[in-house]
2 protein chains.
Amino acid sequence: MVKRTAKRAPRRTDGLSREVIVQAAIDLLDEGGESALTLRALTLRLRTGYGAIYHHVTDKNDLLAAAADDVIARVLAGAVVAAGPREALRGVALGLFDAIDAHPWVGAELSRQPWRPALLDFYESVGRLLHALAVPERARFDAAGALVNYVLGVAAQNAARPGRGPKDTERSTGRGTDQGTGRADFLAGVAEQWSELDPGRYPFVHEAATRLREHDDRDQFLAGVDIFLAGIATLRRT
Amino acid sequence: MVKRTAKRAPRRTDGLSREVIVQAAIDLLDEGGESALTLRALTLRLRTGYGAIYHHVTDKNDLLAAAADDVIARVLAGAVVAAGPREALRGVALGLFDAIDAHPWVGAELSRQPWRPALLDFYESVGRLLHALAVPERARFDAAGALVNYVLGVAAQNAARPGRGPKDTERSTGRGTDQGTGRADFLAGVAEQWSELDPGRYPFVHEAATRLREHDDRDQFLAGVDIFLAGIATLRRT
DNA sequence: CCAAGATTGGATCGTCAATCCAAGACGCTA
DNA sequence: TAGCGTCTTGGATTGACGATCCAATCTTGG
């Protein structure tokens, strides 16, 4: 006995499409983190209903994956070609790192589904560059996997940002990109936690706390890549 | 107008405690994956109500984190002491890998919150062993971070298992531990997907598909660890 | 024996993803 | 232009979930 013939909002004139929906999803994710992507928020932003969205998108997973694919594809498209294979590898890895740094939710999504098309080009680039570095075929597979895993490990950790909850958008007055400060505050908190540990029982972690305070995510990431590259060099075909 | 004085189920005799709840959560997670841990399932298994659980546990996050801490603590407690620092490092990493392989949900949880107490001992062990490997203090921080990130990257990927949904428990007749076969089938699926790619455009990935079919997660993980250890060796104080 | 505090059970609330159906718009044919 | 079928859209609805709340029950100390 519900009014099925109630008045409806006027139909939209501009056509809805998968691209439009994915872009709106990316915007929501960038603004409020992973938890900000809800179908309700999407319908509000697009001024439409649930049915219209589900007509173009099968699933919320589908939507999240498509958003990640989109961001990564745009990043890899603008990749720079470096001189040597070694520099090129660093460049590719850094490109992915920067992309995930700018869109933390992508990191979580990628490490959840690393076999998706988004990472195919990345994986392919790594494989070719390892070939150029004279890594024998058998070891190339393991090496590429290790590098991808390392990058994704860093990505997942970087994705773990504090707050970013729905309430943040209400609280913050400026509503600017508060990514940098959020990460810094977060690291400071962990560092304090670690520095309060018993130096006798946890000498290394206790000391690492001070490093953590002054460290730079990007620099440490690159240091890790360099360690990996140094390890790769030992696999070289002689 | 609701009967507030309805008959209640008899009160439990054995006391509920945080330990009992965490253990039940671990059982649920091991049986059905991350999505199987719901408060409803917990109340059914423990034959209790929501209030009783929330009296001992602040949050669902708290519960998940406690479960992960518990599993990891048990693993690290039984760690074997190896001869040299290099072998010890491999052993510690392998221990973590095996634990995550046995409890895939732990991997996802750890890579989501790597600063939790669960990983402190692991981090500490790595740091000390790097010291034993004569890695200078400044580089130790970066090296430990790289290694931990690599392990967590693998962990997150291993956590990404197919199915494991709530319906699985209904469908499967045997209800045994279908972990191994699930992972194998999953890898086979990805391999097929990759092998269908254009060999001209994706020569490396196309070829990696065959490797993927015959590869062993554990072996490849160890190969990655060795690459990082080889790279770390170049940081040695001479 | 009784009051105060600790513990327990479950009704209830708000939110979410997902389904479903009818209402509009569009295009094609005659 | 009129009619009809298909594509697209809006939103009511469903069912599951995390979390809160409160009354009922047990335990403990005096």
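In this text the structure is predicted, and so the values were computed from the model without any measurement.
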J.: Please tell me which of the listed nucleotides, D:dG11, C:dT8, C:dA11, lies nearest to the side chain of A:Y50?
T.: D:dG11
J.: Measure from CD on A:E34 to P on C:dC16 and round the result to the nearest Å.
T.: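 Answer to the nearest Å: 14 Å.
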J.: Take atom CG of A:L16 and atom P of C:dC26, then tell me their distance rounded to the nearest Å.
T.: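 These atoms are roughly 14 Å apart.
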J.: Using atom CZ of B:R18 as one end and atom P of C:dA6 as the other, report the distance to the nearest whole Å.
T.: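 Rounded to whole Å, this separation is 18 Å.
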J.: Under the rule for salt bridge (charged side-chain N to carboxylate O under 4.0 Å, His left out), what residues qualify as partners of B:R218, not counting sequence neighbours?
T.: B:D98
J.: Do any pairs count as a salt bridge (charged side-chain N to carboxylate O under 4.0 Å, His left out) and have a residue in residues 197-212 of chain A, sequence neighbours left out, and if so which ones?
T.: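 For residues 197-212 of chain A: A:R201-B:D121, A:R211-A:E214, A:R211-B:E137.
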J.: For A:R40, check salt bridge (charged side-chain N to carboxylate O under 4.0 Å, His left out) against everything at least two apart and list the hits.
T.: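 Once residues adjacent in sequence are excluded, A:R40 has no partner under the salt bridge (charged side-chain N to carboxylate O under 4.0 Å, His left out) criterion.
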J.: When the distance from NE2 of B:H56 to C1' of C:dT7 is rounded to whole Å, what number comes out?
T.: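 To the nearest whole Å, that distance equals 7 Å.
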J.: Using whole Å, report how far CG of B:L42 lies from P of D:dA19.
T.: 12 Å
J.: Are any protein N/O atoms closer than 3.5 Å to N/O atoms in nucleotides 13-15 of chain C? If there are, list each pair with its distance.
T.:
none

J.: I need the full list of salt bridge (charged side-chain N to carboxylate O under 4.0 Å, His left out) pairs touching residues 17-28 of chain B, with sequence neighbours left out, sorted by first then second residue.
T.: B:R18-B:D62
J.: In whole Å, what is the span from the CD1 atom of B:I21 to the C1' atom of C:dT7?
T.: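 These atoms are roughly 11 Å apart.
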J.: Starting at atom CG of A:L39, determine the distance to atom C1' of D:dT14, rounded to an integer number of angstrom.
T.: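 It is 15 Å, rounded to the nearest whole Å.
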J.: Using a 3.5 Å cut-off and no angle test, enumerate the donor-acceptor pairs between side-chain atoms of residues 142-153 of chain A and protein atoms at least two apart in sequence or in another chain.
T.:
| residue | atom | partner | partner atom | Å |
| --- | --- | --- | --- | --- |
| A:N149 | OD1 | B:Q157 | NE2 | 2.5 |
| A:N149 | ND2 | A:G145 | O | 3.1 |
| A:Y150 | OH | A:F221 | O | 3.0 |

J.: Under a 4.0 Å heavy-atom cut-off, which of residues 57-68 of chain A touch DNA chain D?
T.: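 The answer is none.
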J.: What's the closest nucleotide to the side chain of B:A52 if the choices are C:dT8, C:dA18, D:dA19?
T.: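 Shortest atom-to-atom distance from the side chain points to C:dT8.
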J.: Please determine if A:E34 and A:R112 form a salt bridge, counting it only when a charged side-chain N lies under 4.0 Å from a carboxylate O.
T.: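 Looking at A:R112 together with A:E34, the answer is yes, because their closest N to O distance falls below 4.0 Å.
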J.: From CG of B:L44 over to P of C:dG10, roughly how many Å is that when rounded to an integer?
T.: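 Distance, rounded to whole Å: 10 Å.
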J.: So, A:W115 versus A:Y123, ring centres under 6.0 angstrom or not?
T.: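 A:W115 vs A:Y123: aromatic centres not under 6.0 Å.
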J.: Could you say whether B:H55 or A:G51 is positioned toward the 5' end of DNA chain C, judged by the nucleotide with the nearest heavy atom to each?
T.: B:H55
J.: Just list the side-chain donor-acceptor pairs under 3.5 Å for residues 64-77 of chain A, sequence neighbours left out, or say none.
T.:
| residue | atom | partner | partner atom | Å |
| --- | --- | --- | --- | --- |
| A:D69 | OD1 | A:A118 | N | 3.4 |
| A:D69 | OD2 | A:R116 | NH2 | 2.7 |
| A:D70 | OD2 | A:R74 | NE | 3.3 |
| A:D70 | OD2 | A:R74 | NH2 | 2.4 |
| A:R74 | NH2 | A:Q23 | OE1 | 3.4 |

J.: Using side chain to side chain donor-acceptor pair (under 3.5 Å) as the criterion, list what pairs up with A:H206, not counting sequence neighbours.
T.: none
J.: Between A:Y54 and C:dA18, is there a side-chain N or O to OP1/OP2 distance below 4.0 Å?
T.: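 The answer is yes; a side-chain N or O of A:Y54 sits under 4.0 Å from OP1 or OP2.
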